[in-house]
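In what follows, every chain begins at residue 1, and chains take the letters A, B, ... in the order their sequences are listed. All heavy atoms count here, side chains included; hydrogens, waters and symmetry mates do not.
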Amino acid sequence: MRLTDLPINTLKEVPSDAEAGSHQLMLRAGLIRQLASGLYTWLPLGMRVLNKVKKIIREEMNNAKALELTMPVVQPAELWVESGRWEEYGAELLRLQDRHNREYCLGPTHEEVITDIARHELKSYRQLPVNYYQIQTKFRDEIRPRFGVMRAREFVMKDAYSFHIDENSLLEGYHLMKEVYSNIFNRLQLTYRIVQADSGTIGGNKSEEFHVLAQSGEDAIAYSEKDGFAANIETIPLHPSNTKLAEPTEELKLVETPQVKTIKELCSFIKVKPEQCLKTLLVQGTDTPAVALILRGDHELNGVKAQNLKAVASPLRMLNTSEAKGATGVETGFLGPKDLKIPVYIDYSAAVVSDFVCGANINDHHYTGVNWKRDLPMPELADLRNAVAGDPSPSGNEPLSVAKGIEVGHIFQLGQKYSQAMKATVLDDEGKPRTMFMGCYGIGVTRVIAASIEQNHDEKGIIWPSAIAPYDVIIIPINMDKSYRIRETTEELYKKLQESGYETIMDDRSQRPGVKFADADLIGIPHRLVIAEKSLDQGQLEYKHRRSNETEMVPIKNIIKILKEKQL
RNA sequence: CGGGGCAUGGCGCAGUCUGGUAGCGCAUCUGCUUUGGGAGCAGAGGGUCGGCGGUUCGAAUCCGUCUGCCCCGACCA
């Protein structure tokens, strides 16, 4: 493609809305443009990347005998009522009505539709197992779209659904998909990790997530290299600490702390570390207006774990400041476990802190040098927090490391949740109807692209992995307008590369070299070939890989051979 | 949905406090020069200052209201 035929509108300045690195680069390189909150147009350059990702996914899915189909984006409410999710799914499901006031939704996922297809199309166990998939636009009315295409409302997803006669077959299908996903993410040249996960609203039994490791990730993943364990920090059960409670060394002291309401403020006000402070959170109780949960200052409450306590109302609800004050008589910043007149639970790790700092249950006051047993009785212990780096791995005693991840894939063993609700049965070898077992498998296609950029960029721009680069090669002629030789050589080279199957950009714009170099770097084309007078005399051109800092002179006539060698 | 911020040419911003001729950089177009890392000079086009209502002789600026977008928290591929 000649750049005179392909308008690439690269931006020097960063659009002020873009926060994440990948979002900024996608806008600057002209891959996408925002239409409204969470809605993006894929421009021609971005579209090429999108198509490459789709192609890889299709090839690997087809290899595994999965069958491609396409289901409607708009789905009738009846199916969702039948599965129970019309009520369950909540505000994220965008509901709409047609001219006859019939109810529909925009598909955030397609379990209902595919189960409906399966119950009509699949009659016999002889037809199983089957895996249907599609690559299609989904809509989820996210509360807060952000990071561009990373969390958009409209996005492209590859979703696959498998149908099985029994649990064993489901397991086989699940493991096959796990392998297929690994192949896909390997081909996409992503650094990723497979993580144990919660199945959330989709439901079912076991599920695993594929996370691309990146600083900007929204999920925190705990892992241990040695035993190969990895899980979302929210899903890891934690046990009572082996640490012994140390003997008190400080006197209990009441300290005036005016307006000091957060752990951060407290730490700088009285010069302690967060792990030496205990924080008190109030949630709604089952039979009481309030239950107090005590955590170490540096730890995070885990909602699912807290919700599992009998005394805590489900679903979990934090009290707002006025309710909290009503239940305790104290402002929220000054709550503490000592002399608190409501049910109290304490996280295991908070129970082994001695000489700690906590709210005094008196406005504008905290205690320092507080010790369990000496100054107050030990409350009931529980596992209340998210795992952090250094916690022991559940599968051994290795300390866990924590990394940020972007969820790009999720595989589920759904079981019979949908097939049962929607009566999807086949006849078995005795002619009896049997409810099918299902698996479902998603890949965030558009998110994969953002994730790839998060992992592959530098201060100049994107560095595409060869597998998904919009073009393989860019030719930059220097002073083409003035030199017939340059033009001629460039045209010849362009033709030769195209014929050899390389997707090539030729920058034939009348721009200064600096502009061309900057654009080439920004849009991240892997191989750069520069044609200039000085090297032409030797029959050479300059080769540079986007990832490398070095250029080298190579003979023009050997260029195809050289590109082949560089392909890795 | 709760908390915060922003809305002025395609993009990034100033001007708003203290009402009085709408401005800068980038981008775009024309011409000349320039051509190995986002050029220089000369010229040009492009804005009902998010919408509606109000105050005023006069509103980008003050008041009210609505809308959109972004950021921080609870959801997910």
Can you say whether the rings of A/Phe163 and A/Tyr132 are parallel (under 30°), tilted (30 to 60°) or perpendicular (over 60°)?
perpendicular
Indicate, with a heavy-atom threshold strictly under 4.0 Å, whether A/Val408 touches base, sugar-phosphate, or nothing.
sugar-phosphate
Under 4.0 Å, counting only non-hydrogen atoms across every strand here, what does A/Asp219 touch: a base, just sugar-phosphate, or nothing?
base
Can you tell me if A/Arg512 touches the phosphate of B/U34, counting only side-chain N or O atoms and a distance under 4.0 Å to OP1 or OP2?
no
Scanning all shown strands, the Watson-Crick or wobble mate of B/G19 with both distances under 3.5 Å is none
Kindly give the heavy-atom pair with the smallest separation between A/Ala18 and A/Leu27, and that separation in Å.
CB-CD1, 3.9 Å
Under 4.0 Å, heavy atoms only, any strand: does A/Val530 hit a base, just the sugar-phosphate, or nothing?
base
Of A/Leu238, A/Asn386, A/Thr235, the residue whose pairing with A/Lys305 passes side-chain contact (heavy atoms from CB on, under 4.5 Å):
A/Leu238
Would you confirm whether A/Glu142, through its side chain, and A/Arg144, through its main-chain N or O, come within 3.5 Å as a donor-acceptor pair?
no
Between the base of B/G36 and the side chain of A/Asn479, is there a donor and acceptor pair under 3.5 angstrom?
no
base_contact_polar (B/C75 base, A/Arg151 side chain, donor-acceptor, <3.5 Å):
yes
Distance check, P atoms only: B/G50 and B/A7, in whole angstrom units.
8 Å
When A/Leu94, A/Leu93, A/Thr109 are each screened for side-chain contact (heavy atoms from CB on, under 4.5 Å) with A/Arg140, the one that passes is A/Thr109
Using a 4.0 Å heavy-atom cut-off, does A/Gly444 contact any base of the nucleic acid, only the sugar-phosphate backbone, or nothing at all?
base
Any base atoms under 4.0 Å from A/Ala91, or only sugar-phosphate, or nothing? Heavy atoms, all strands.
nothing
Could you check how far CD1 of A/Ile531 sits from C1' of B/G36, rounded to whole Å?
14 Å
Output yes when at least one side-chain N/O atom of A/Arg144 is less than 4.0 Å from OP1 or OP2 of B/A74, else no.
no
Any N or O donor-acceptor pair linking the side chain of A/Arg528 to the base of B/G37 at under 3.5 Å?
yes
Mate of B/C62 where both pairing distances stay under 3.5 Å, Watson-Crick or G-U:
B/G54
Per A/Val515 side chain, nearest of listed nucleotides B/G36, B/G38, B/A74:
B/G38
Closer than 3.5 angstrom, by distance alone: can the side chain of A/Glu112 be matched with the main-chain N or O of A/Trp80 as a donor-acceptor pair?
no
Compare the minimum distances between each of B/C26, B/A77, B/C71 and the side chain of A/Lys12, then state the nucleotide with the smallest one.
B/C26
Under 3.5 Å for both donor-acceptor distances, Watson-Crick or wobble: does B/G46 have a partner, and if so which one?
none
Distance between the P atoms of B/C71 and B/U65, in whole angstroms?
26 Å
Would you measure the distance from the C1' atom in B/A60 across to the matching atom in B/C13 and give it in whole Å?
15 Å
Hey, does A/Lys534 reach any base, or is it just sugar-phosphate, or nothing, if we go heavy atoms under 4.0 Å?
base
Using the P atom as the reference point in each nucleotide, state the distance between B/G68 and B/C63 in Å, no decimals.
23 Å
Going by distance alone, is a donor N or O of one side chain under 3.5 Å from an acceptor N or O of the other, for A/His110 and A/Lys138?
yes
Spell out yes or no: do the side chain of A/Gln511 and the base of B/G38 have one donor N/O and one acceptor N/O closer than 3.5 Å?
no
Interatomic distance where CZ belongs to A/Arg28 and C1' belongs to B/C11 [whole Å]
12 Å
A/Met157 side-chain proximity, nearest of B/A77, B/U35, B/G38:
B/A77
Looking at A/Ser16, does any N or O in its side chain come under 4.0 Å of the phosphate oxygens OP1/OP2 on B/C13?
yes
Relative to each other, are the rings of A/Tyr181 and A/Phe185 parallel, tilted or perpendicular (30° and 60° limits)?
perpendicular
May I ask which nucleotide in the shown strands pairs with B/C32, Watson-Crick or G-U wobble, both distances under 3.5 Å?
B/G40
Could you let me know what B/A7 is paired to, Watson-Crick or G-U wobble, both distances under 3.5 Å, or none if it's on its own?
B/U67
Rounded distance in Å - CG (A/Leu43) to C1' (B/G10)
13 Å
Specify the separation, in whole Å, of atom CD1 of A/Ile143 and atom C1' of B/C72.
14 Å
For the side chain of A/Asp521 and the base of B/G37, is some donor closer than 3.5 Å to an acceptor across the two?
yes
When rounded to the nearest Å, what value does the distance between P atoms of B/G2 and B/C66 take?
13 Å
With RNA chain B as reference, determine whether A/Ala18 or A/Glu92 sits nearer its 5' end, using the nearest nucleotide of each.
A/Ala18
Using a 4.0 Å heavy-atom cut-off across all strands, classify A/Asn9 as base, sugar-phosphate, or nothing.
nothing
Answer with base, sugar-phosphate or nothing: what part of the nucleic acid does A/Ala152 contact at a heavy-atom distance below 4.0 Å?
base
I want to confirm an ordering. Mapping A/Gln34 and A/Glu407 to their closest nucleotides on RNA chain B, which one lands closer to the 5' end?
A/Gln34
Under the criterion of centre distance below 5.5 Å and interplanar angle below 30°, is A/Phe155 classified as stacked on the base of B/A77?
yes
Is the base of B/C72 touched by the side chain of A/Arg146 through a donor-acceptor pair closer than 3.5 angstrom?
no
Rounded to whole angstrom, note down the C1' distance from B/U28 over to B/C17.
35 Å
Using the C1' atom on both, measure B/U8 against B/G25 and round to a whole Å.
15 Å
Examine B/G38: is either OP1 or OP2 under 4.0 Å from a nitrogen or oxygen in the side chain of A/Thr10? Give yes or no.
no
Whole-Å C1' distance, B/A39 and B/C75
50 Å
